[in-house]
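Down below is the structure, laid out as structure tokens.
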Amino acid sequence: MNNYDLIVIGGGASGMMAAGCAASLGKRVLLIEKNRTLGDKLRISGGGRCNITNAIYDTRLLLSNYGDGAQFLFSPFSQFGVKETFDFFEKRGLPLVVQARNRVFPSTEKSNDVVNTLISYMREGKVVVKLGTEVKKILHKKGEILGVVAGRDTYTARSYLFATGGVSHPETGSTGDGFNWLSDLGHTVKTPTPTIVPLATSEEWSHILAGVSLSFMRITFFQNKLDEVGSVAKKCFSKTGKILFTHFGLSGPLILNSAGKVGDLLQEGTVTAHIDAYPDTNTGALDSQITKVFDANKNKMLKNILKEIVPEGLTPGIIILLKDIDLDKKVHSVTKEERRIIVDTLKCLPVTIINLMGYDRAVVADGGITLSEIDTKTMRSKLFSNLFVTGDLLHINRPSGGYSLQLCWTTGFVAGSNA
Ligand SMILES: Cc1cc2nc3c(=O)[nH]c(=O)nc-3n(C[C@H](O)[C@H](O)[C@H](O)COP(=O)(O)OP(=O)(O)OC[C@H]3O[C@@H](n4cnc5c(N)ncnc54)[C@H](O)[C@@H]3O)c2cc1C
């Protein structure tokens, strides 16, 4: 049915960019999307604000955040990098602003505006969009894709582009279809595991703080190897930054970006962590600060001055952790030993990591097609001469902070220009 130059499967970030780009070059493009709306994952990105890139303009420096994918991405990013992302959106009437940690958002802070910009881009090029249409089968023969089957219809084109996304937040439509097709076609696909994902903890004190976020904390992870019963927990790594407490555990940039390593540690043993609520104050200095507060409030009840020594929002959790201290006692009768327990607790809030949360809560899941099977300059499959692959389908690790969407703009543009 119909002969197009290019069929794009998937109307997410990379698919819409690729479709619009190919159409702007005069190609007849069909985009097939199984949802009734375009860009559902894009709409929930960045909590609905859409962190669309990271303002690091030096390509090599930027790419150092893409792990083993850095070398592969050099050519695509030279064709369409951060500067081009700014130009693309700003020329289309959507100014961008740079916020903390170089994260870039639309000035309206509305992801809908990003989706609408891409829809307009496709409209300009007269991309034909078929919504509510799920591709079920890929037809192929001897290194060439021949068509795609959706319902009773078969659609054909000269080239095909898989932009069906990964497996995180499957309710947005990314259910891993592209991974299955690529495997069936003979490509090597690394099984996805959630990487940028919150952590589940077992302690009640952390759950009770759901909704509290603290911008400056240090978390240190420890591991007990399964085959070393009775061994001392080994310190593995620390990170400092923002932590968000949730009803199941921990989230926020610091946690999301630690999850990949924590997942590896969990494979080999139990993982615990200590959170330091005062990372820039050592134990002695914190003890002196607390002593001063105690001296100024000798006749008050201990529970009534906790808010002066505990970071804002943490008090309900700290009360649980200090269960062995009578908080109704007057400050003047707090013993030196009890004061030491308070200091140690604030420097060392204990959590046990049960596991990584699942795909339903992941921002990005690791996994995807092995890069050596994709041509770096064009995003073309090395096994199928008329197949292109973009976005979350590629096996590229990256942290949170706009790096995933930049990957979509870049690979979408490169594939769309070459398909
Ligand atoms: C909660 C959350 C927050 C995020 N926040 C950010 C952020 O702020 N910044 C950032 O850089 N990244 C963020 N990400 C990651 C980013 O959203 C993704 O990397 C990006 O959207 C992936 O785009 P994509 O084009 O690869 O695929 P997707 O956006 O997943 O689109 C794939 C599309 O293909 C369609 N599809 C799938 N199978 C079929 C089929 N068989 N037939 C037809 N259509 C099909 C799906 O319905 C879907 O619309 C976030 C992710 C999540 C889950």
Side-chain angles (χ1 to χ4, degrees), residues 6 8 10-27 29 31 38-39 41-43 45-46 48-66 69-70 72-127 161 163 376-379 388 390-392 394 396 398-419:
L6 173 67
V8 175
S14 70
M16 288 195 281
M17 176 57 104
C21 177
S24 74
L25 297 172
K27 299 284 183 325
V29 182
L31 182 143
L38 291 163
K41 186 171 284 177
L42 204 46
R43 283 177 215 276
S45 287
R49 297 195 303 136
C50 209
N51 174 194
I52 65 176
T53 186
N54 197 285
I56 300 176
Y57 302 98
D58 179 304
T59 304
R60 280 188 198 282
L61 195 59
L62 180 81
L63 290 181
S64 63
N65 291 289
Y66 289 92
F72 173 87
L73 289 173
F74 197 76
S75 167
F77 271 71
S78 310
Q79 296 177 53
F80 194 97
V82 173
K83 184 184 170 303
E84 286 74 16
T85 299
F86 268 84
D87 289 349
F88 177 85
F89 286 102
E90 296 198 324
K91 273 188 194 146
R92 287 175 175 78
L94 187 62
L96 306 184
V97 289
V98 182
Q99 297 190 2
R101 300 191 308 283
N102 296 325
R103 291 170 310 147
V104 180
F105 295 85
S107 62
T108 56
E109 300 206 352
K110 290 197 179 100
S111 53
N112 268 345
D113 294 337
V114 176
V115 176
N116 289 338
T117 303
L118 290 161
I119 292 176
S120 304
Y121 183 42
M122 293 199 295
R123 221 171 259 149
E124 275 165 35
K126 301 194 169 49
V127 173
L161 194 152
T376 171
K377 293 199 174 85
T378 58
M379 296 296 129
F388 296 79
T390 58
D392 280 1
L394 300 161
I396 297 175
R398 65 272 177 184
S400 71
Y403 298 99
S404 296
L405 285 176
Q406 181 58 55
L407 188 65
C408 290
W409 314 136
T410 297
T411 56
F413 175 87
V414 171
S417 313
N418 288 285

I'd like to know if Arg92 and Asp113 make a salt bridge, using a cut-off of under 4.0 Å between side-chain N and carboxylate O. no
Does some side-chain heavy atom of Ile56 sit less than 4.5 Å from a side-chain heavy atom of Asn65? yes
Verify, without hydrogens or angle tests, whether Ser45 (side chain) and Cys50 (backbone) share a donor-acceptor contact under 3.5 angstrom. no
Return the orientation label for the Tyr57 and Phe86 ring planes: parallel under 30°, perpendicular over 60°, tilted otherwise. tilted
Phe88 vs Tyr121, ring-ring contact (aromatic ring centres under 6.0 Å, His included): CA-CA, chis, key distance, verdict: CA-CA 10 Å; Phe88 177 85; Tyr121 183 42; 4.8 Å; yes
Close side-chain approach of Cys408 to Met17, heavy-atom, < 4.5 Å: no
Are any side-chain N or O atoms of Asn51 and backbone N or O atoms of Phe105, one a donor and one an acceptor, separated by less than 3.5 Å? no
Ignoring hydrogens and angles, tell me if any N or O in the side chain of Glu90 forms a donor-acceptor pair with the backbone of Leu96 under 3.5 Å. yes
Between Val114 and Leu94, does a side chain to side chain contact (heavy atoms under 4.5 Å, CB included) hold up when you go through it step by step? CA-CA 8 Å; Val114 176; Leu94 187 62; 4.0 Å; yes
Looking at Ile396 and Gly69, what are the two nearest heavy atoms and their distance? CG2-CA, 4.5 Å
4.5 Å side-chain heavy-atom contact, Tyr403 and Leu62: yes
Identified ring pair (Phe, Tyr, Trp, His ring centres under 6.0 Å) counterpart of Tyr66 within the set Phe72, Phe77, Phe74: Phe77
Shortest non-hydrogen contact between Ala419 and Leu6, atoms and distance: CB-CD1, 3.7 Å
Minimum-distance pair of heavy atoms, taken over all atoms of Ala23 and Val29: N-CG2, 3.8 Å
Measure across Ala415 and Leu161 and return the closest heavy-atom pair with its distance rounded to 0.1 Å. CB-CD1, 3.6 Å
Supply the atom-to-atom distance Gln79 CD to Thr376 OG1, rounded to the nearest 0.5 angstrom. 8.0 Å
What are the two closest non-hydrogen atoms of Lys377 and Val414, and how far apart are they? O-CG1, 3.2 Å
Side-chain touch Thr85/Gln406, heavy atoms, less than 4.5 angstrom: yes
Is the closest side-chain heavy-atom distance between Arg43 and Val115 below 4.5 Å? yes
Can you list the steps and then say if Arg103 with Val98 is a side chain to side chain contact (heavy atoms under 4.5 Å, CB included)? CA-CA 6 Å; Arg103 291 170 310 147; Val98 182; over 6 Å; no
Val104 backbone acceptor or donor facing Thr53 side chain under 3.5 Å: no
Strictly distance-based, threshold 3.5 Å: is any side-chain N or O of Trp409 a donor or acceptor partner for the main-chain N or O of Ile52? yes
CZ-OG distance between Phe388 and Ser417, expressed to the nearest 0.5 angstrom: 10.0 Å
If you look at every heavy atom in Thr411 and Thr390, which pair is closest and at what distance? O-CG2, 3.4 Å
Determine yes or no for a side-chain-to-main-chain donor-acceptor pair under 3.5 angstrom, with Arg123 supplying the side chain and Gly20 the backbone. no
Please check if the side chain of Thr410 supplies one atom and the backbone of Gly81 the other of a donor-acceptor pair under 3.5 Å. no
Should Leu394 and Met379 be marked as a side chain to side chain contact (heavy atoms under 4.5 Å, CB included) after you check the CA-CA gap, both sets of side-chain angles, and the distance that decides it? CA-CA 10 Å; Leu394 300 161; Met379 296 296 129; 4.3 Å; yes
Reported CG-to-OG distance for the pair Leu118 and Ser14, which is rounded to 0.5 angstrom: 10.5 Å
Quick check: do Arg398 and Leu73 have side-chain heavy atoms less than 4.5 Å from each other? no
Any residue meeting salt bridge (Lys or Arg N to Asp or Glu O under 4.0 Å) with Glu124, in chain and number order, not counting sequence neighbours: none
How far apart are the C-alpha atoms of Leu405 and Leu42, what are their side-chain angles, what is the distance that settles it, and do they pass the side chain to side chain contact (heavy atoms under 4.5 Å, CB included) test? CA-CA 9 Å; Leu405 285 176; Leu42 204 46; 3.5 Å; yes
